Amino acid sequence: MLSRGAVNGWALRGAARAGVQQRPPPFRGLHASPRTRSAMPSWVIDRYGRNDVLRFTRNMVFPIIHFPNEVIIKVHAASLNPIDLSMRSGYGATALNMKRDPLKLKSEDTEFPLTLGRDVSGVVMECGLAVSYFKPGDEVWAAIPPWKQGTLSEFVVASGNEVSFKPKCLSHTEAASLPYVGLTAWSAVNQVGGLNQSNCNGKRVLILGASGGVGTFAVQLVKAWGAHVTAVCSHDASKLMKRLGADDVIDYKSGNLEEQLKTLPLFDFILDNVGGSTEKWALDLLKKWSGATYVTLVTPFLINMDRLGVADGMLQTGFTVGSKTVKHLLKGVHYRWAFFMASGPSLDEIAELVDSGKIQPVIDEVFSFSEVPKAFQKLEGGHARGKTVINVISKK
C-alpha cells in the first residue's frame, strides 16, 4: 500500500483507484463475469410501498462489470440505514432515476427490480481491467451510492473509488455497520464543516440526534480529534454516549431542549441529524463571528425533486439554501447542508481510526439474510441505538 504521508503517494494512490495508467486506457465495454451462473439470491422491490413490497428471489441478474474501474464484491454482511426505508417508499425516485439513466438510454422506463442496502463488507471476487489497487480475495468494505443496485444480495458491483480495505480489527458483521454512516458524518464534519485532526482540538461540538448511526459515529470522530462533545439523545442512550466519549449528555425528553442548551457555553460546531423545529433555534447556540458552523443532514433536496420535477426542484433547492446561507452569514454564523458522499479514500482514513481503536462500531441488532423484512420492521420502529446489520452469509 502506498504511504499516505507523501503528496506524491496520495496522487498515485488516487490514480490507481481511478484506474489511471501510463498506457492508453483499456477498452470501455461490457465485461461479463467468467462465472457460469447467471442469477443470484437477492432481496428486491418491484414497486414502492411499505414492508410488503420486499421480495426474496434466487433469480436476480448476476452483476456485470460495465466499466474498467469496477469490482464485484461477494457480500458477507450488509446493514440498513434510514435511506433504505425512504427508498423503499419511493423517496427521491425522480432524482435517483435521473442519475441512473441521465440520457434515457434504457428501453424500459423502470428501475425495478431494485435491490436496497447501501453498506457492504465482503471479499473482492473480480476486478475490471483498470483496477490495480485491489485484487480478488481482498477483504473490503464500501458504501454504495443510492442510484446503484444495493447490497442486500449475494454479490454487488462497486467502483474502485468507492471501495476500501476493511479494518483488520473488525469482523465483516462489525465492518458492515460503518461505511454509510461513517461517510455521511465525515462529509458533514470534515468536507462541509471543515473540522479535522489539526483544528478540532478544544472546539465545542454539539450533536443533535446523537444515538443513531450517524450520531454515534460523529461523536467518536470529533472526540478522536480532541473536541469537547455535547450529545443530545434520550435518557436510555446516555450510558452509550458516555462510553463513546461524549463530555456532556442532554436528555431531550427531560425538559425544554432549547432552554437546557442555552445554559451551556456557546458552540463552535453543530451537527443536526434531527431537523424540523431545531433549525429555528439551534443556530443561536453558536459563537457569533468566530467561523462557527451549523451543518444539517435534513434537507429538502430530494423532496423538491419528487414534488416539483428535476428543473424546478433544483431551482427551489438552490434558492432555499442560498437564502438561508446569506441570512445566517449576516448574523455571524455559517449555515450548511451535507449529504452522503461515497469515497474509498475517506474510508481509508476511517479504517485507520478504527484500527487505532478511536472509533468502534455500534450495533443495535443483527439479523440473518432470511430476516431482511424483520430487520426493516426493526429499523422502522425507530429509537435504534446504532445500526441494524444483516449477515448475508453465516460467516461473520
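Everything numeric in this text was worked out from a predicted model, so none of it was measured.
Residues Asn69 and Ala130 come closest through the heavy atom pair N-CB, 4.4 Å.
A donor atom on one side chain and an acceptor atom on the other are found under 3.5 Å apart for Arg385 and Ser234. Side chain to side chain, Glu162 and Ser159 fail the donor-acceptor criterion of an N or O pair below 3.5 Å. Between the side chains of His172 and Ser121, at least one donor N or O sits under 3.5 Å from an acceptor N or O. No side-chain donor-acceptor contact under 3.5 Å links Ser153 and Thr115. Between the side chains of Gln260 and Ser254, at least one donor-acceptor pair of N or O atoms lies under 3.5 Å. Side-chain contact check for Lys378 and Thr388: no donor-acceptor pair (N or O, by modelled atom type) lies under 3.5 Å. Thr320 and Gln316 form a side-chain donor-acceptor contact under 3.5 Å, judged by distance and modelled atom types alone.
Ring geometry for Phe369 against Trp43 counts as perpendicular: the plane angle is over 60°, on a 0 to 90° scale with 30° as the lower cut.
Taking the ring centroids of Phe367 and Phe376, they lie at or beyond the 6.0 Å cut-off. You'll find the ring centres of Tyr180 and Phe217 outside the 6.0 Å limit.
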Are Tyr48 and Tyr91 close enough, and set up right, to give a ring pair (Phe, Tyr, Trp, His ring centres under 6.0 Å), and what steps lead you there?
CA-CA 9 Å; Tyr48 296 119; Tyr91 170 75; over 10 Å; no
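In summary, Asp284 and Lys262 do not engage in a salt bridge, as defined by a charged side-chain N under 4.0 Å from a carboxylate O. One finds no salt bridge joining Arg307 and Asp312 here, because no Lys/Arg side-chain nitrogen approaches an Asp/Glu carboxylate oxygen to under 4.0 Å. Salt bridge Lys280/Glu258: absent, no basic N to carboxylate O contact under 4.0 Å.
Under the salt bridge (Lys or Arg N to Asp or Glu O under 4.0 Å) criterion, Asp46 pairs with Arg55, not counting sequence neighbours.
Checking side-chain atoms of Ser187 against main-chain N and O of Phe339 turns up a donor-acceptor pair under 3.5 Å. Panel note: side chain Lys324, backbone His328; no donor-acceptor pair is recorded below 3.5 Å.
By the neighbour-count criterion of 12 heavy atoms within 6.0 Å, atom CD of Gln197 is sparsely surrounded, having that number or fewer from other residues, nucleotides or ligands.
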